[in-house]
Amino acid sequence: MLKVVFIGGPGTLVHAHAESFAEAAQLAVLNPGDVMRTHLREQSPFGLRLDQYIDADELVPSELVLEMMLESLASVKGGWVLANFPRTVTQAESLARHGHAPTAVIELSVTDEQVRGRLRERDERLGQCTEHDSAVMRRLVQHRELAAYYQFKGNLHSVSGQGGSPGFGDYEDVEERLKPVHRHLLAKGHG
């Protein structure tokens, strides 16, 4: 059964590429943002807990995100694709302890400067500042630690997440580089 995690630094369009892969492989795709929005919309017990953090303008604790993702994974029949989760080694270890270790991890890699450039361009385009440099650097450090963890586990497939044009790059360029990895995973019999 194919269980794939897509990871990447800020601005690497991980979610879009994960959805494309999931569709091609006919797998369920989960990401924390969609899971949280569903709980909020349904006003589930998780949704009520989330409301408390949103009302207080606080970040949702990593442990709560992990609980929601574990519950969502428990309801998936067959293989799955996770987008932007786990984000930390602690979350990755917890996934494995709960029987949800991925068979493959696909990393969309970009340099720190490429991430900063992408976020600057996005902020200029949207007329806002979404993340401070320290927050971006913290996420990049977490990403590097997570990639190293999966590299040690032997299931990391790293692909350049930089497109052919400046800023966010071309989605299609990255998709082309992902095709051999997709074919390899599907042919390897994980599916």
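Note that the structure is predicted; figures quoted are calculated from it, not measured.
- When all heavy atoms of V65 and F85 are compared, the closest pair comes out as CG1-CE1, 3.8 Å.
- Classification of the F6-F21 ring pair by plane angle, with boundaries at 30° and 60°, yields tilted.
- Side chains of M1 and K3 form a contact here, defined as non-hydrogen atoms less than 4.5 Å apart.
- No continuous path of ILVMFWY side-chain contacts below 4.5 Å connects I7 to L140, so the two sit in separate hydrophobic clusters.
- Evaluated for a side-chain contact (heavy atoms from CB on, under 4.5 Å) with L82, the options V105, V29, L95, V4 yield exactly one hit, L95.
- Taking both residues in full, the closest heavy atoms of S44 and H39 are given as OG-ND1, 2.6 Å, listed atom of the first, atom of the second, then distance.
- Of all non-hydrogen atoms in N84 and H15, the two that sit nearest each other are ND2-N, 4.1 Å.
- Looking only at side-chain heavy atoms (C-beta outward), V89 and E93 come within less than 4.5 Å of each other.
- Distance check, rounded to the nearest 0.5 Å: CZ of R139 to CG of L146 gives 12.0 Å.
- Remark: the backbone N or O of L40 is paired with a side-chain donor or acceptor of Q43 at under 3.5 angstrom.
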Could you go step by step and tell me if L27 and L2 meet the side-chain contact (heavy atoms from CB on, under 4.5 Å) rule?
CA-CA 8 Å; L27 298 170; L2 190 57; 3.8 Å; yes

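- A side-chain donor from one of Q91 and S62 sits under 3.5 Å from a side-chain acceptor of the other.
- In the hydrophobic clustering of this structure, F46 groups with I54; members are Ile, Leu, Val, Met, Phe, Trp, Tyr whose side-chain heavy atoms approach within less than 4.5 Å, directly or through other members.
- A donor-acceptor contact closer than 3.5 angstrom is absent between the side chains of N31 and E19.
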Take E42 and R37, measure what salt bridge (charged side-chain N to carboxylate O under 4.0 Å, His left out) needs, and give me the verdict at the end.
CA-CA 9 Å; E42 294 174 358; R37 281 186 285 280; over 6 Å; no

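- The two residues W80 and P102 come nearest to each other via the heavy atoms CH2-CA, 4.2 Å.
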Kindly determine whether L30 and L73 satisfy side-chain contact (heavy atoms from CB on, under 4.5 Å), including the steps that lead there.
CA-CA 8 Å; L30 298 170; L73 283 168; 3.6 Å; yes

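- Hydrophobic clustering keeps L156 apart from V159 (ILVMFWY residues linked when any side-chain heavy atoms are closer than 4.5 Å, directly or through intermediates).
- Under the 4.5 Å side-chain contact rule for hydrophobic residues, V76 and L70 share a cluster.
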Apply the test side-chain contact (heavy atoms from CB on, under 4.5 Å) to residues L50 and L64: give CA-CA distance (whole Å), side-chain angles for both, the deciding distance (0.1 Å), then the verdict.
CA-CA 8 Å; L50 286 168; L64 180 55; 4.0 Å; yes

Dump the intermediate steps for side-chain contact (heavy atoms from CB on, under 4.5 Å) on E107 and H143, then the final yes or no.
CA-CA 9 Å; E107 173 195 30; H143 169 74; 2.9 Å; yes

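- Counted within 6.0 Å of CD on E58, heavy atoms from surrounding residues, nucleotides or ligands total more than 12; the atom is thus considered enclosed.
- Across every non-hydrogen atom of Y150 and N155, the tightest pair is O-OD1, 3.1 Å.
- Of the possible donor and acceptor atoms, none in the side chain of S94 sits under 3.5 Å from a partner among the backbone N and O of T90.
- Going from atom CE of M69 over to atom CE of M36 covers 8.5 Å, rounded to the nearest 0.5 Å.
- In this structure, L108 CG and S158 OG are separated by 8.5 Å, a value rounded to the nearest 0.5 Å.
- Looking at every heavy atom in both residues, S72 comes nearest to V35 through OG-CG1, 3.5 Å.
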